[in-house]
2 protein chains.
Amino acid sequence: MVLIIILAGMSTASSDHDTERLIAARLGAGGSRYTSARRLVARALAQSTGPQSATELLSSLEGAVPLSSLYRTLGVLEEAGVLAREHGSDGIARYELAEWLAGHHHHLVCTGCGEVLDIAIDPDTETKIASLIDHIAGSADYAVSGHRIDIEGRCTTCVET
Amino acid sequence: MVLIIILAGMSTASSDHDTERLIAARLGAGGSRYTSARRLVARALAQSTGPQSATELLSSLEGAVPLSSLYRTLGVLEEAGVLAREHGSDGIARYELAEWLAGHHHHLVCTGCGEVLDIAIDPDTETKIASLIDHIAGSADYAVSGHRIDIEGRCTTCVET
DNA sequence: TTCCTTGCAAACGATTTGCATTGGA
DNA sequence: TCCAATGCAAATCGTTTGCAAGGAA
């Protein structure tokens with residue numbers, strides 16, 4: 001039996017605090033400040049259930065960060081390795097905390113509405129998959145550094161239509 | 001031992017011919033014609049080693065198809081299920097033959113230059129991975145319909161820098 | 001004749017950038 | 001004080017669309 005866990009963001013105060021400290025340090029190392037706008041964006045992403053687009057962040061931040069600054073913030077955080085950017089099937093960029101902050105996980109993508117959910121596969125299964133993929137590294141003429149698995153399907157809302 | 005095969009496009013004349021016939025039928029069923037522009041695009045994609053962007057296609061077609069028509073062609077072919085569209089980490093749309101034409105495969109993505117290579121994992125490994133992913137379907141509240149695996153790494157050119 | 005298709009140019013929307021202003025160490 | 005960060009407006013760039021002309025059945 002394989003278990004998957006829907007990740008619902010950092011939940012304990014201590015891990016939140018930890019994350020903040022790690023981000024501040026990472027930014028500081030690059031000569032950047034952990035300003036309030038950056039804090040707001042990082043917190044919003046730490047609490048989301050999946051990658052967020054700039055527009056989605058804009059509305060959840062309720063105008064606290066103007067669009068151009070939001071993009072610049074996302075750029076800085078990505079540059080620093082705090083965020084990972086990806087593009088869904090709609091071509092819109094979505095951001096989430098990098099794996100070293102959020103943990104290794106995969107995505108459940110709804111082919112209907114485009115919603116993306118973070119999922120963690122149970123360690124045993126993850127180990128098996130990782131080992132299969134590692135084997136592949138041996139035969140590819142590539143310096144393999146990671147993998148990403150998207151599972152496609154329809155969410156409970158979209159499966160009806 | 002796990003083998004991977006870099007797919008270099010349809011190579012035999014018979015399978016080329018087959019592919020053309022299948023595409024024509026698929027388009028015809030939807031009331032569309034398999035015109036010369038569409039033929040050119042489909043052929044270019046059938047011969048490529050990985051998904052191609054509109055711009056890349058534009059240059060490989062050497063102006064035979066103007067940009068707006070190219071986009072419309074890609075749209076029609078995607079709509080008909082002949083092509084699959086995806087977005088790489090750069091956010092640019094890339095197209096390739098749908099799996100029922102090209103076969104099930106995964107991608108080797110260079111994190112340096114963004115190049116994407118189609119790879120087929122040997123059937124044994126693919127079966128193992130597919131079965132693990134199928135198991136996941138059992139516990140997710142999603143109607144799972146497929147999966148995609150991207151293996152990230154650096155190609156021989158980019159690994160040096 | 002009747003639709004489908006094409007191609008130019010204009011429109012769009014997500015993202016980026018120039019530049020003057022603000023703010024934190 | 002000094003350099004990073006901000007925010008507005010304008011610019012980019014991939015992509016889409018309106019519309020009139022061309023082409024196949």
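These numbers come from a predicted model, not from an experiment.
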Practice item. Mind jotting down which residue pairs meet the salt bridge (Lys or Arg N to Asp or Glu O under 4.0 Å) criterion with at least one end in residues 52-70 of chain A? Sequence neighbours excluded, please. Key: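 Applying salt bridge (Lys or Arg N to Asp or Glu O under 4.0 Å) to every pair that reaches into residues 52-70 of chain A, excluding sequence neighbours, yields A:E56-A:R94.
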
Could you tell me whether the side chain of [Y] reaches within less than 4.5 Å of the side chain of [X], counting heavy atoms only?
X: A:L57; Y: A:L45; result: yes
X: B:L77; Y: B:Y95; result: no
X: B:V65; Y: B:L58; result: no

Revision key, fill the gap. Outermost contacting nts on DNA chain C, any atom under 4.0 Å from chain B heavy atoms, listed 5' then 3', are C:dC3 to C:dA9

Check your understanding: Could you state the interatomic distance from CZ (A:R148) to NE2 (B:H107), rounded to the nearest 0.5 Å?
Key -> 12.5 Å

Practice item. State the OG1-CG distance between A:T127 and B:L132, to the nearest 0.5 angstrom. Key: 10.5 Å

Exercise for review: Please list all pairs passing the side chain to side chain donor-acceptor pair (under 3.5 Å) test where one or both residues lie in residues 67-83 of chain B, with sequence neighbours left out.
Suggested key: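 For residues 67-83 of chain B: none.
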
**Study point:** B:H106 side chain to B:I149 backbone, donor-acceptor under 3.5 Å
**Key:**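 A pair under 3.5 Å: yes.
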
Point to revise | B:R26 side-chain N/O to B:A80 backbone N/O, donor-acceptor pair under 3.5 Å | key: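 Yes: the side chain of B:R26 pairs with the backbone of B:A80.
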
Practice item. Indicate whether the side chain of A:E152 and that of B:Y142 have a donor and an acceptor atom separated by less than 3.5 Å. Key: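 No, no side-chain donor-acceptor contact under 3.5 Å.
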
Exercise for review: Please give the angle, rounded to 10 degrees, between the axes at the start and the end of the helix from C:dT1-D:dA25 to C:dA25-D:dT1, where five pairs define each axis.
Suggested key: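 What I find for the helix from C:dT1-D:dA25 to C:dA25-D:dT1 is an axis angle of 30°.
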
Practice item. Report the relative orientation of the aromatic rings in B:H147 and B:H104; use parallel for angles under 30°, tilted for 30 to 60°, perpendicular for over 60°. Key: perpendicular

Please write out the pairs of protein N or O atoms and N or O atoms of nucleotides 14-18 of chain D separated by less than 3.5 Å, giving the distance to one decimal.
{"from": "D:dT15", "atom 1": "OP1", "to": "B:A93", "atom 2": "N", "distance (Å)": "2.9"}
{"from": "D:dT15", "atom 1": "OP2", "to": "B:Y71", "atom 2": "OH", "distance (Å)": "2.3"}
{"from": "D:dT15", "atom 1": "O5'", "to": "B:Y71", "atom 2": "OH", "distance (Å)": "3.2"}
{"from": "D:dG18", "atom 1": "O6", "to": "B:R72", "atom 2": "NH2", "distance (Å)": "2.7"}

Review point. Got a salt bridge between A:E96 and A:R85, using NZ or NE/NH1/NH2 to carboxylate O under 4.0 Å?
Key: no

Contact list (N/O, under 3.5 angstrom) for nucleotides 21-25 of chain D vs protein:
none

